[in-house]
Peer 1: 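My questions will all concern the structure given below.
As the structure is a prediction and not an experimental result, all values here were calculated from the model. Protein chains get the first letters and strands the later ones, always in sequence-line order, with residue 1 at the start of each.
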Protein chains: 2
Amino acid sequence: MRKQEEHLFEVLDHLLRVRNECSCKIFSECGLPDMTVKQIAYLKIIDEQGDVTFSRLAEITRNSKPTITEMVNKFVRMECVYRERCPDDGRVLYIRLTEKGRMIANAECNAMHLLIEQLMDSLDEREQDLLVRLLEKVR
Amino acid sequence: MRKQEEHLFEVLDHLLRVRNECSCKIFSECGLPDMTVKQIAYLKIIDEQGDVTFSRLAEITRNSKPTITEMVNKFVRMECVYRERCPDDGRVLYIRLTEKGRMIANAECNAMHLLIEQLMDSLDEREQDLLVRLLEKVR
DNA sequence: TATTATTAGGTTAAACCTAACTAACTAAGG
DNA sequence: CCTTAGTTAGTTAGGTTTAACCTAATAATA
């Protein structure tokens with residue numbers, strides 16, 4: 001019983017390590033290895049929201065508008081984000097992710113897909129199926 | 001094939017989510033939900049090193065000694081760490097983790113064990129065995 | 001004298017703020 | 001229709017607080 005637990009620890013630890021390495025690799029590839037947790041969270045919000053303006057982002061994140069301006073300026077310097085003028089209203093600007101920005105916003109998700117690729121390379125179809133069925137049981 | 005990938009994504013995502021919730025819970029229980037990544041890393045080093053002095057920690061982390069003093073003072077205020085005078089040399093102080101400090105240093109590991117507990121509750125022995133054998137194949 | 005830790009007094013950068021501003025839209029009166 | 005006054009979106013200027021570092025000088029012990 002103890003031994004089983006240890007084995008599970010080892011294999012799961014390895015799995016998580018692989019995924020973590022993948023996401024670190026993504027940040028390095030973008031040339032931004034020391035982004036903060038907050039910055040990543042903001043990029044995720046921008047990604048999820050779609051057509052998000054400065055005012056809207058201020059509202060969502062409960063920050064003042066100058067804070068958003070400053071944040072966006074920083075992201076622009078990092079080449080994660082750019083401004084796009086709204087065609088219907090010259091006052092409003094949309095905050096858009098660049099390719100790099102999207103990479104970072106989805107780093108975890110992308111890392112997961114890389115992990116899954118590895119899983120699928122290592123296991124045949126029957127085994128993959130088995131794995132899914134086993135893990136489905138975890139509530 | 002696509003579908004298999006999706007299924008794998010779902011179950012693994014759930015697994016990671018569970019583990020993540022566990023580690024967040026640990027930080028909240030300690031009353032320190034916004035520790036920085038660096039602070040956690042330092043607590044881990046203190047945990048791993050055992051009998052670590054201020055000078056030694058400065059050496060390991062490549063910081064100056066005043067930086068270590070300041071860091072330790074902060075950790076003392078957070079009740080993660082305390083000083084212990086060396087009995088053989090009155091100049092030397094060991095940096096020791098409190099129970100809370102140890103909890104945080106090992107949060108990830110503890111979260112993994114909580115996850116494993118859940119796995120073991122959800123799967124019978126034969127299934128656990130199967131899971132280990134499947135995941136072992138991932139290189 | 002040499003070593004260990006501390007104190008005093010800094011710096012830099014992240015992440016926030018308020019107040020005042022500019023540019024662009026909107027609606028009301030002439 | 002045009003002007004003007006008011007509103008709204010984002011920016012600029014000028015702050016604060018906190019984390020995370022530093023050097024130089026000092027106290028206590030060996």
Peer 1: Could you tell me which non-hydrogen atom of Leu123(A) sits nearest to which non-hydrogen atom of Leu134(B), and how far apart they are?
Peer 2: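 Smallest interatomic distance, heavy atoms only, reads CD2-O, 3.5 Å.
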Peer 1: Taking Glu108(B) first and then Lys44(B), would you say they form a salt bridge - that is, a charged N and a carboxylate O separated by under 4.0 Å?
Peer 2: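 Between Lys44(B) and Glu108(B) there is a salt bridge, with a charged N closer than 4.0 Å to a carboxylate O.
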Peer 1: State plainly whether the residues Lys3(B) and Glu6(B) are in salt-bridge range, i.e. N to O under 4.0 Å.
Peer 2: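 Result for this pair is no, no salt bridge flagged.
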Peer 1: Enumerate the residues from residues 37-59 of chain A whose closest heavy atom to DNA chain D is under 4.0 Å, giving them by residue number; use none for an empty result.
Peer 2: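 DNA chain D contact set from residues 37-59 of chain A: Thr53(A), Phe54(A), Ser55(A).
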Peer 1: Over all strands shown, is Thr36(B) touching base, sugar-phosphate only, or nothing at heavy-atom distances under 4.0 angstrom?
Peer 2: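 It contacts sugar-phosphate atoms only.
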Peer 1: If you round to the nearest 0.5 Å, how far is CG of Leu93(B) from OG1 of Thr69(B)?
Peer 2: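 Answer rounded to 0.5 Å: 9.0 Å.
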Peer 1: Is the distance from OP1 or OP2 of dC17(C) to the nearest side-chain N or O of Ser64(A) less than 4.0 Å?
Peer 2: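 Yes.
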Peer 1: What stem regions, each of at least 3 consecutive Watson-Crick or G-U pairs below 3.5 Å, can be found for DNA chain C?
Peer 2: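 So far as stems of 3 or more pairs are concerned, DNA chain C shows C:1-30 with D:1-30.
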Peer 1: Separation of Asn73(A) atom CG from dG10(D) atom C1', in whole Å?
Peer 2: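 Answer to the nearest Å: 11 Å.
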Peer 1: Which residues satisfy the ring pair (Phe, Tyr, Trp, His ring centres under 6.0 Å) test with His113(B), sequence neighbours excluded?
Peer 2: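 For His113(B) the ring pair (Phe, Tyr, Trp, His ring centres under 6.0 Å) partners, ignoring immediate neighbours, are Phe9(A).
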Peer 1: Whole angstrom is fine here: how far is it from CG in Asp34(B) over to P in dA15(C)?
Peer 2: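 Atom CG in Asp34(B) sits about 13 Å away from atom P in dA15(C).
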Peer 1: If you only use heavy atoms from C-beta on, which nucleotide in dA5(C), dA19(C), dA9(D) is closest to the side chain of Lys65(A)?
Peer 2: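 Within the option list, the nearest is dA9(D).
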Peer 1: Arg83(B) side chain to Ile95(B) main-chain N or O, any donor-acceptor pair under 3.5 Å?
Peer 2: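 The answer is no, because no donor-acceptor pair under 3.5 Å joins these two groups.
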Peer 1: Over how many whole Å does the gap from Glu70(B) atom CD to dA19(D) atom P extend?
Peer 2: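 To the nearest whole Å, that distance equals 9 Å.
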Peer 1: Rounded to whole Å, please give me the gap between CE in Met71(B) and C1' in dC21(D).
Peer 2: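 Result: 12 Å.
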Peer 1: Just to confirm, is there a sub-4.0 Å distance from OP1 or OP2 of dA15(C) to any side-chain nitrogen or oxygen of Thr67(A)?
Peer 2: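 So the side-chain polar atoms of Thr67(A) never come under 4.0 Å of the phosphate oxygens OP1 or OP2 of dA15(C).
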Peer 1: Go through the steps for Gln39(A) and Met71(A) under the test side chain to side chain contact (heavy atoms under 4.5 Å, CB included), then give the verdict.
Peer 2: CA-CA 8 Å; Gln39(A) 286 169 351; Met71(A) 201 172 84; over 6 Å; no
Peer 1: Test of understanding: with side-chain contact (heavy atoms from CB on, under 4.5 Å), list the residues that count as partners of Asp124(B), not counting sequence neighbours.
Peer 2: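 Arg126(B), Glu127(B).
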Peer 1: Rounded to the nearest Å, what distance is computed from the CD1 atom of residue Ile68(A) to the C1' atom of nucleotide dA9(D)?
Peer 2: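 Result: 13 Å.
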Peer 1: Give the rounded distance in Å between these two atoms: CG of Leu32(B) and P of dA19(D).
Peer 2: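 It is 12 Å, rounded to the nearest whole Å.
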Peer 1: When you check the gap from the basic side-chain N to the acidic O, do Asp51(B) and Arg56(B) get nearer than 4.0 Å?
Peer 2: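 No, this pair does not count.
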Peer 1: With the threshold set at under 4.0 Å for non-hydrogen atoms, list the residues of residues 74-96 of chain A touching DNA chain D in residue-number order.
Peer 2: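 Under 4.0 Å from DNA chain D: Arg83(A), Arg91(A), Val92(A), Leu93(A).
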Peer 1: Can you list everything that forms a side-chain contact (heavy atoms from CB on, under 4.5 Å) with Leu97(A)? Sequence neighbours excluded, please.
Peer 2: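 Scan of Leu97(A) (side-chain contact (heavy atoms from CB on, under 4.5 Å), adjacent residues dropped) gives Leu43(A), Ile46(A), Asp47(A), Val81(A), Arg102(A), Ala105(A).
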Peer 1: Looking at every heavy atom in both Met103(A) and Asn110(A), which two are closest together, and how far apart are they?
Peer 2: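 Closest approach of Met103(A) to Asn110(A): O-ND2, 3.8 Å.
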